[in-house]
*Asks:* 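Encoded as structure tokens, here's the structure I'll be asking about.
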Amino acid sequence: MAETVRCGLIQCANPINDESRPVAEICEAMLQKHLPMIDDAGAKGVQILCLQEMFNGPYFCPSQDPRWYESAEAVPGPTTERLAAYAKKHEMVLVVPIYEKAMRGVYYNTAAVIDADGTYLGKYRKQHIPQVAGFWEKFFFKPGNGGYPVFQTRYAKVGVYICYDRHFPEGARCLGLNGAEIVFNPSATVAGLSQYLWKLEQPAHAVANGYYVGAINRVGVEPPWEIGKFYGSSYFVNPRGEFVATGSEDNDELIVADLDLSVIDQVRSTWQFYRDRRPEAYDELTKI
């Protein structure tokens with residue numbers, strides 16, 4: 001396995017923001033917008049590519065409209081099958097965030113991981129679900145029930161954390177303990193309090209756990225809800241907390257970076273956080 005892995009992030013604005021249009025049409029338009037960007041990533045030699053939170057549609061959680069349940073699908077299912085062909089075509093691992101329908105009336109905010117030969121490896125279900133003004137996610141999602149899996153892909157060990165998860169260091173540590181070398185955090189976050197935290201929390205996770213983080217955010221404003229501007233600024237950060245590549249605030253964009261996995265060894269040889277942690281002393285974390 002090569003020590004340097006070329007990774008990519010896609011940040012993208014939703015092309016149809018019209019509540020009079022069918023859900024299926026809106027979702028298909030967003031999928032079609034992504035396909036040439038995925039091909040572009042393949043042409044640039046990207047080996048692991050991550051898309052944004054619920055990539056094939058708007059961020060509809062400012063509403064509490066049950067019509068958006070129509071956008072949920074099985075994982076694996078139709079969208080993962082379509083994108084598996086792109087993974088195989090480009091020999092590229094894909095992290096694909098999708099609105100998952102687990103059974104009638106049971107939905108999760110999920111990310112599927114597809115290996116470079118098109119094989120479905122598994123999924124991560126978002127653990128922490130916000131319920132605050134503009135982000136009524138508990139209306140749409142159950143909390144994840146699959147733990148913090150790490151996926152051995154052709155190129156690296158990959159973990160996923162989704163949007164609001166990033167405010168919780170416990171899961172970020174679990175991903176590191178489970179062997180993650182690169183953790184992707186696909187998000188949908190708007191300007192305001194979170195913009196201050198956007199480039200603070202995830203570099204801290206990278207440093208505390210000695211791994212790379214790829215943080216993805218969409219761009220633009222999405223009527224009719226208009227909860228604010230999705231400010232992009234997708235980035236890669238290394239285990240030292242240094243920014244390797246950063247996207248713009250406004251543009252549809254593919255962000256590419258070459259991540260040297262040997263840096264993980266260098267950092268962990270200096271900062272022995274996993275050696276020196278004291279799990280037997282942390283009972284208080286689960287008492288409240």
Side-chain angles (χ1 to χ4, degrees), residues 1-9 11 47-50 52-53 93 95 111 113 124 126-128 130 147-153 155-187 189 193-217 231-247 249 255-282 284-286:
M1 188 177 294
E3 286 291 274
T4 298
V5 181
R6 176 161 292 185
C7 294
L9 315 170
Q11 61 179 43
Q47 295 166 297
I48 306 176
L49 177 67
C50 186
Q52 62 203 21
E53 183 180 19
V93 175
V95 180
V113 180
Y124 168 74
K126 184 175 181 177
Q127 292 276 11
H128 306 93
Y148 300 94
V150 169
F151 305 95
Q152 178 64 72
T153 73
Y155 306 113
K157 295 178 181 177
V158 169
V160 186
Y161 222 29
I162 298 177
C163 199
Y164 190 64
D165 282 332
R166 70 181 182 271
H167 302 307
F168 300 86
E170 296 87 352
R173 173 54 55 87
C174 287
L175 288 167
L177 292 173
N178 288 339
E181 296 167 319
I182 307 168
V183 171
F184 292 96
N185 181 255
S187 297
T189 187
L193 289 177
S194 74
Q195 194 163 9
Y196 163 70
L197 297 173
W198 180 246
K199 291 187 176 180
L200 176 66
E201 289 174 308
Q202 298 186 95
H205 293 329
V207 170
N209 294 289
Y211 53 48
Y212 285 91
V213 172
I216 313 94
N217 186 27
Y231 53 80
S233 305
S234 303
Y235 63 82
F236 285 104
V237 63
N238 71 18
R240 296 189 175 98
E242 299 166 335
F243 289 87
V244 179
T246 304
E249 288 196 13
I255 296 92
V256 177
D258 291 324
L259 308 184
D260 181 357
L261 301 184
S262 70
V263 173
I264 297 172
D265 295 313
Q266 296 168 21
V267 169
R268 292 186 184 181
S269 294
T270 302
W271 295 104
Q272 289 283 358
F273 298 142
Y274 288 155
R275 182 195 66 193
D276 298 334
R277 58 187 293 273
R278 295 282 311 284
E280 73 279 5
Y282 303 152
E284 293 176 42
L285 290 175
T286 57

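Side-chain atoms are counted along with the backbone in the values below, which use heavy atoms only and exclude waters and symmetry mates.
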*Asks:* Checking Arg268 now: which residues fulfil salt bridge (charged side-chain N to carboxylate O under 4.0 Å, His left out) with it, not counting sequence neighbours?
*Replies:*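 Salt bridge (charged side-chain N to carboxylate O under 4.0 Å, His left out) check on Arg268 returns nothing, list empty.
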*Asks:* So, taking the atom named CG in Asn209 and the one named CG in Leu177, what distance separates them when rounded to the nearest 0.5 Å?
*Replies:*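 Asn209 atom CG to Leu177 atom CG measures 7.0 Å (nearest 0.5 Å).
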*Asks:* Could you tell me which non-hydrogen atom of Leu49 sits nearest to which non-hydrogen atom of Leu9, and how far apart they are?
*Replies:*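 Reported closest heavy-atom pair: CD1-N, 3.9 Å.
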*Asks:* How many angstroms lie between atom CG of Leu259 and atom CD1 of Ile182, to the nearest 0.5 angstrom?
*Replies:*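 One gets 5.0 Å once the value is rounded to the nearest 0.5 Å.
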*Asks:* Where is the tightest heavy-atom contact between Leu261 and Tyr155, given as atom of each residue plus distance?
*Replies:*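 Minimum heavy-atom separation between Leu261 and Tyr155: CD1-O, 4.0 Å.
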*Asks:* With sequence neighbours left out, what residues match Tyr235 under ring pair (Phe, Tyr, Trp, His ring centres under 6.0 Å)?
*Replies:*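 Applying ring pair (Phe, Tyr, Trp, His ring centres under 6.0 Å) to Tyr235 gives Trp198, Phe243.
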*Asks:* Between His205 and Tyr161, how do the two ring planes meet: parallel, tilted or perpendicular, split at 30° and 60°?
*Replies:*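 Rings of His205 and Tyr161: perpendicular, as their planes differ by over 60°.
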*Asks:* Could I get the full list of ring pair (Phe, Tyr, Trp, His ring centres under 6.0 Å) partners for Tyr148, not counting sequence neighbours?
*Replies:*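 Scan of Tyr148 (ring pair (Phe, Tyr, Trp, His ring centres under 6.0 Å), adjacent residues dropped) gives none.
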*Asks:* Nearest 0.5 Å, please: how far is NZ in Lys199 from CG in Leu197?
*Replies:*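 Going from CG on Leu197 over to NZ on Lys199, the span is 13.5 Å.
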*Asks:* Taking all atoms of both residues into account, what is the closest heavy-atom pair of Pro239 and Val263, and its distance?
*Replies:*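 Pro239 and Val263 have their closest heavy atoms at CD-CG1, 3.9 Å.
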*Asks:* So, using salt bridge (charged side-chain N to carboxylate O under 4.0 Å, His left out) as the criterion, who are the partners of Asp265 when residues are at least two apart?
*Replies:*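 Salt bridge (charged side-chain N to carboxylate O under 4.0 Å, His left out) list for Asp265, sorted by chain: empty.
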*Asks:* Check Gly179 against Val150 and note the closest heavy-atom contact, atom names and distance.
*Replies:*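 Smallest heavy-atom distance, with atoms named: C-CG1, 4.0 Å.
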*Asks:* Give a yes or no on whether Gln272 atom CD has more than 12 heavy-atom contacts from other residues, nucleotides or ligands under 6.0 Å away.
*Replies:*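 Correct, the count exceeds 12.
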*Asks:* May I ask you to test the Arg166-Ser194 pair for a side-chain heavy-atom distance under 4.5 Å?
*Replies:*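 Yes, their side chains come closer than 4.5 Å.
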*Asks:* Tell me the closest heavy-atom pair linking Glu249 and Gln195, and the distance in Å.
*Replies:*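 Distance-wise, the nearest heavy atoms are OE2-NE2, 3.5 Å.
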*Asks:* Keeping the roles fixed (side chain from Asp165, backbone from His128), state whether a donor-acceptor pair exists under 3.5 Å.
*Replies:*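 Yes; at least one donor-acceptor contact below 3.5 Å.
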*Asks:* For Ile216, does its backbone N or O pair with a side-chain atom of Gln52 as donor and acceptor, under 3.5 Å?
*Replies:*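 No; judged by distance alone, with no hydrogens or angles, the pair does not exist.
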*Asks:* Out of curiosity, Ile48 CD1 to Glu181 CD, how far, rounded to the nearest 0.5 Å?
*Replies:*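 Ile48 CD1 to Glu181 CD: 8.5 Å, rounded to 0.5 Å.
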*Asks:* Check the pair Glu201, Asn185 against side chain to side chain contact (heavy atoms under 4.5 Å, CB included), reporting the backbone distance first and the verdict last.
*Replies:* CA-CA 11 Å; Glu201 289 174 308; Asn185 181 255; over 6 Å; no
*Asks:* Can you give me the closest heavy-atom contact between Phe236 and Cys7, atom names plus distance?
*Replies:*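 Residues Phe236 and Cys7, closest heavy atoms: CZ-CB, 3.5 Å.
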*Asks:* Roughly how far, to the nearest 0.5 Å, is CD of Glu53 from OH of Tyr164?
*Replies:*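 The distance works out to 13.0 Å.
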*Asks:* With a 6.0 Å cut-off (strictly less than), is the heavy-atom count around OH of Tyr196, excluding the residue itself, greater than 12?
*Replies:*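 Open.
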*Asks:* My understanding is that only residues two or more places apart in sequence, or in another chain, count here; which of them pass salt bridge (charged side-chain N to carboxylate O under 4.0 Å, His left out) with Arg278?
*Replies:*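 Salt bridge (charged side-chain N to carboxylate O under 4.0 Å, His left out) check on Arg278 returns Glu280.
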*Asks:* Tell me if a side-chain donor or acceptor on Ser233 pairs with a main-chain N or O of Tyr231 at a distance below 3.5 Å.
*Replies:*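 Present.
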*Asks:* Return the set of residues passing salt bridge (charged side-chain N to carboxylate O under 4.0 Å, His left out) with Glu242 (not counting sequence neighbours), or none when no residue passes.
*Replies:*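 Partners of Glu242 under the salt bridge (charged side-chain N to carboxylate O under 4.0 Å, His left out) test: none.
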*Asks:* Taking side chain as C-beta onward, heavy atoms only, is Pro186 less than 4.5 Å from Val160?
*Replies:*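 Pro186 reaches Val160 side chain to side chain.
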*Asks:* Under the criterion side chain to side chain contact (heavy atoms under 4.5 Å, CB included), I'd like the reasoning laid out for Tyr211 against Lys157: C-alpha separation, chi angles, the key distance, then a yes or no.
*Replies:* CA-CA 10 Å; Tyr211 53 48; Lys157 295 178 181 177; over 6 Å; no
*Asks:* Tell me if a side-chain donor or acceptor on Ser234 pairs with a main-chain N or O of Asn217 at a distance below 3.5 Å.
*Replies:*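 Yes; at least one donor-acceptor contact below 3.5 Å.
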*Asks:* Rounded to the nearest 0.5 Å, how far does CD of Glu3 lie from CD1 of Ile264?
*Replies:*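 Output value for this atom pair is 8.5 Å.
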